[in-house]
Amino acid sequence: MMAESQPVGATSQWGTEGLAEMETAAQQSDPHTGKPDETPVPESGPSCLTTKELQQNLRAVKQRNRSVRLLFEIPSSRIIEQVFSKYVVYQIVVIRSGSYDCRRVSIERRYSDFANFHQKLLEEFNEELEEIILPRKLLTGNFSADSISERRLALQDYLAKLYAVRCVRYSRVFPEFFTEQEQRRAYSLLRAGQFKLALELLQTILELQEKLAPWQSPVLLVPTLSALAVCHRDLEQPEEAFTAAQKALPPVRRYGLKCYRAPLLELTVDLGYQLGRPVSQLQEELTVFRDAERGLVSSRSLKELVVQEFI
């Protein structure tokens, strides 16, 4: 089911202890320069919301205020035998508590993936992880049923202990462990024009990122949503493409992700016309943004931007 993957380095690091506080300050700031994103956005506010929308917003706030935790289960494992290698992969299921979570999203990782993950964490949080030990690598008997079962439970306990460390769960390294391998495969499929297979992987990635979202910056979702929009459009699914692009726009505006803003707006406007949606505000926003950033931002399409990820 899962071919062996080579370890890959983290693409970037985010703030850890101060992330929760930084997010508030970054609401109107460019994440790279710290300067406010001054590009005008068509006005909207409570007066524009219907009673139903206000009630939905209130429910969403209450939902966010619930105590949400992540739970990790490793319910199974399997042995993979290849011509020159043999190893065990462990199925990891990520569950959000605090609300009914019916989506069982799972990934597979081998012991070497855990070892690489632990090493990256130690490079940033050596003192904080003094008491958290990665289960040792077995030199003999590591394919016996008892050894695999013992290792499976130990790795499950290891993930729970890591999650309990605040700086770890707020770090960028933490979600990368759960999504980076799948992201690389998905973007490779997308570049090869295999949009249906890429879409399936991207949907799994998005679900994992949404489970991890309370401890991460919302910009984490932007590349995935953009890639989903591209896949849906190439598969002639304009409604789904429009929804994905619209979902990506708020964090793009809020955090000043200028490289994504014009391509997302352009795609959304084109799809809106195709679907018969009102897009005059989006068209105005696109025109204002292009005038303000003329010569400063690349004119690449969203697809051209997306295919450059994870090369």
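In this chain, residues are counted from 1 in sequence order.
Other residues, nucleotides and ligands contribute more than 12 heavy atoms inside 6.0 Å of the CD atom of E304.
Of the charged side-chain nitrogens involved, none lies within less than 4.0 Å of a carboxylate oxygen, so that E309 and R184 do not count as a salt-bridged pair. A salt bridge does not link K247 to E240: none of the charged side-chain nitrogens sits closer than 4.0 Å to a carboxylate oxygen. Using a 4.0 Å cut-off between charged nitrogen and carboxylate oxygen, R166 and E128 do not count as a salt-bridge pair. Between K120 and E123 there is no salt bridge, since no side-chain nitrogen of the basic residue lies less than 4.0 Å from a carboxylate oxygen of the acidic one. A salt bridge links R253 with E285: the closest approach of a Lys/Arg side-chain nitrogen to an acidic carboxylate oxygen falls below 4.0 angstrom. Ion pairing between a basic and an acidic side chain is recognised when a charged N comes within 4.0 Å of a carboxylate O; E207 and R104 show no such pairing.
Members clustered with L201: L189, L197, by chain and number, using a 4.5 Å side-chain heavy-atom cutoff among hydrophobic residues.
The shortest non-hydrogen separation linking R191 to V307 is NH1-O, 3.0 Å. The two atoms that bring R254 and P218 nearest to each other are NH1-CG, 4.3 Å, heavy atoms only. What you find for Q156 and I74 is that their closest heavy atoms are OE1-N, 2.7 Å.
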One pair to check against side chain to side chain contact (heavy atoms under 4.5 Å, CB included): D234 and K303. What are the steps and the verdict? CA-CA 10 Å; D234 279 75; K303 187 174 183 177; 2.9 Å; yes
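Between Y87 and F143, the distance from one ring center to the other does not fall under 6.0 angstrom. In this structure, the ring of Y158 has its center less than 6.0 angstrom from the ring center of H118.
No hydrogens or angles considered: nothing links the side chains of Q91 and S77 as a donor-acceptor pair under 3.5 Å.
The backbone N or O of I205 lies less than 3.5 Å from no partner atom in the side chain of T179, so there is not a single donor-acceptor pair. Checked by atom type and distance alone, the side chain of Y111 pairs as donor or acceptor with a backbone atom of P135 at under 3.5 Å.
A cation-pi contact, defined as under 6.0 Å to the ring centre and within 45° of the axis, is absent between R110 and Y90.
Ring pair F117/F174 is tilted by interplanar angle, where 30° to 60° counts as tilted.
The line from CD1 of I79 to CD of E81 is 7.0 Å long, rounded to the nearest 0.5 Å.
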